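These figures come from a predicted structure and were not determined experimentally. Basis for what follows: all heavy atoms, side chains included, without hydrogens, waters or symmetry-related copies. Residue numbers start from 1 in every chain, and the chains themselves are labelled A, B, ... in the order their sequence lines are given, proteins ahead of strands.
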Amino acid sequence: MAARVQEAPFDFSAEVVAFQADVQNAGAVVTFTGVVRDDSGCLDHMFIEHYPAMTEAALQKFALQAMEKFGLEDALVIHRYGVLTPGEAIMMVATAARHRKDAFAGADYLMDYLKSRAPFWKKEVSKDHTEWVASKVQDEDALAAWSDAPKS
Amino acid sequence: MAARVQEAPFDFSAEVVAFQADVQNAGAVVTFTGVVRDDSGCLDHMFIEHYPAMTEAALQKFALQAMEKFGLEDALVIHRYGVLTPGEAIMMVATAARHRKDAFAGADYLMDYLKSRAPFWKKEVSKDHTEWVASKVQDEDALAAWSDAPKS
Amino acid sequence: MKLDILYFAWVRERVGKSQEAVDTNAKTAGDLVDELILRDAGYAAAFSDLSAICVAIDQELGDFTTLLKDCREVAFFPPMTGG
Amino acid sequence: MKLDILYFAWVRERVGKSQEAVDTNAKTAGDLVDELILRDAGYAAAFSDLSAICVAIDQELGDFTTLLKDCREVAFFPPMTGG
């Protein structure tokens, strides 16, 4: 299991190849990549702030939770902070399991925790407008749907 | 959208990089890779047979279904046949969507169709034993859980 | 009516061939199976449990009641195990 | 009791600083907020709607009723938007 917080870009291909090479007997590997989207067509960049003393521990905790809950063979989380431009990868998750459904559920679960419980905040910076991204009710609902989820 | 059937290995990294480069405004990319697993510890290889006249059309149909059902920006399916050894990738799926839940659901849906409705048959060949892999009740149940699934 | 029959996986192994051309008056895939079973023990073994066998007619999934009218190719195989 | 307070995202922007050391008798995170609000309008603006603010005590998520006993670091921030 590995959880990393970093400002620099990560090499998705290299990360997945290394992740798969380490796993001994997984029949299923799922990855998720989150990318900066420019819906308005005028986003200059996204700024991601985080809570350094807390972040990596939180990511590790969620990855371990996912591994235990779904019997994963392995899990990987990488999350960036700082300035990111449209099209850049913000973060990635990879899960390996003997069976497909566990790999999918583990990645989905991990993402629900990262969305609402990992100490990151996103700010969208356009030429004439700056706005902190608001959390979504759906994200809390998705988290609450897992039986082990804490109440918000 | 692309759906390919091939005997040769595929380069997962190169495929995902090309897939992501082609997508314009997807905030979420999910991939699934199916790998030959050796549970008994004595599997020599897996042999995958398919129905050439039917296979690629079936994969394309399922990929288009997934794109429409979940509003995906793009979808990719690659499935191999022939002789594969433990640790080798059998197939991969990639989905791109504006939002995370659609990318996950699209990949999961596509996998459920590939498992039970794409004309592939797997045979496990060990030193002293050869056996066609049986379909699983859970796979039919997973497929039936999608509202548009045909009855088996 | 002339058509090609294809067999896959253990159905192919039991029948002993992957493909054959037949001239038949069968109205449905089920009728066609009834004809085949009369031929020899390999077919009888392959088709002993129809609940374990799937049918495709002209590369589209069907079942044993599907009409063969104007079809060119019928395939019999066990439940698929892709992915 | 001496402790560090950290602010993130728009809470940080409204308060006007990312971190400060305080000496307080507050029993809970809520008490601490009550003290801060009395200081100036920036704090009052930052904490005007507590339902929009999360609390971490020594890097663990808590809430405004969590006791501060023996804690070293309290952080206030909007709901997290990772992923």
Spatial distance of atom CH2 (C/W10) from atom NZ (B/K123) [nearest 0.5 Å]: 13.0 Å
When only heavy atoms count and the cut-off is under 4.5 Å, which of residues 32-43 of chain B reach chain C? none
Which residues, numbered in order, of residues 88-95 of chain B come under 4.5 angstrom of chain C by heavy-atom distance? B/I90, B/M91
Quick one: pull up CD in B/E49 and OG1 in C/T81 and give me the separation to the nearest 0.5 Å. 10.0 Å
Under a 3.5 Å distance rule, please check whether B/H79 uses its side chain to pair with a backbone N or O of C/G82 as donor and acceptor. no
Region of B/K136 in contact with chain C, defined by heavy-atom distances below 4.5 Å: neither
So for atom CG, which belongs to C/D23, do other residues, nucleotides or ligands contribute more than 12 heavy atoms lying within a distance under 6.0 Å? yes
Taking side chain as C-beta onward, heavy atoms only, is C/M80 less than 4.5 Å from B/Y51? no
Which region of B/A118, side chain (C-beta onward) or backbone (N, CA, C, O), has a non-hydrogen atom less than 4.5 Å from a non-hydrogen atom of chain C, or is it both or neither? backbone
Measure distances from B/K122 to the heavy atoms of chain C and classify the residue's part below 4.5 Å as side chain, backbone, both or neither. both
Should the ring pair B/W121 and C/F77 be called parallel, tilted or perpendicular, given that the plane angle runs from 0 to 90° and is split at 30 and 60? tilted
Give the C-alpha distance, both sets of side-chain angles, the deciding distance and a yes or no for side-chain contact (heavy atoms from CB on, under 4.5 Å) between C/F8 and B/H50. CA-CA 8 Å; C/F8 293 99; B/H50 76 123; over 6 Å; no
Residues of residues 30-38 of chain C near chain B, each having a heavy atom less than 4.5 Å away: none
Select one option (side chain, backbone, both, neither) describing which atoms of B/A134 are under 4.5 Å from chain C's heavy atoms. backbone
Which of residues 49-72 of chain C have a heavy atom under 4.5 Å from any heavy atom of chain B? C/A56, C/Q59, C/E60, C/L61
